[in-house]
Amino acid sequence: KTGWWLINLPKLVPTNIVDEGEKITYASGRTMPKWYAEMPAKDRSKRRSKTFPGMAAAIADQWGRAMEKYYQEK
């Protein structure tokens, strides 16, 4: 999951949904992606801030069109 602060922007519409990948389930029942669970704690904050290429493409496409429309109406 990724959180976005949307100020004057429409919500992104899912376009190319990909598989979530392998998950690890703990004794408590909690699950998390394997790639995240196995990464060293010192790298987590940096890796969690990554913008994945597919998300960047959706942002450019959808919000770019929204901004273009906004400026054409002014």
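Numbers for residues simply follow the sequence, beginning at 1.
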- prompt: Looking at Val13 and Gln62, what are the two nearest heavy atoms and their distance?
  reply: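 Nearest heavy atoms, Val13 then Gln62: N-OE1, 2.8 Å.
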
query: Which atoms form the tightest heavy-atom contact between Ala37 and Tyr26, and what is the distance?
result: CB-OH, 3.4 Å

field: Separation between CE of Met55 and OG1 of Thr15, rounded to the nearest 0.5 Å
entry: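 So the CE of Met55 and the OG1 of Thr15 are separated by 10.5 Å.
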
query: So how far is it from Glu22 CD to Asp19 CG, rounded to the nearest 0.5 Å?
result: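 Between Glu22 CD and Asp19 CG, I get 10.0 Å after rounding to 0.5 Å.
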
query: Around atom OH of Tyr70, are there more than 12 heavy atoms of other residues, nucleotides or ligands at under 6.0 Å?
result: no

- request: State whether the number of non-hydrogen atoms from other residues, nucleotides or ligands found under 6.0 Å of Lys23 atom NZ is greater than 12.
  value: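 Enclosed: over 12 neighbouring heavy atoms sit under 6.0 Å from NZ of Lys23.
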
- request: Answer yes or no: is there a side-chain heavy-atom contact under 4.5 Å between Ile59 and Leu12?
  value: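 With C-beta onward as the side chain, the pair touches.
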
Verdict with supporting geometry, Ile24 and Glu38, side chain to side chain contact (heavy atoms under 4.5 Å, CB included): CA-CA 9 Å; Ile24 291 179; Glu38 293 180 346; 4.2 Å; yes

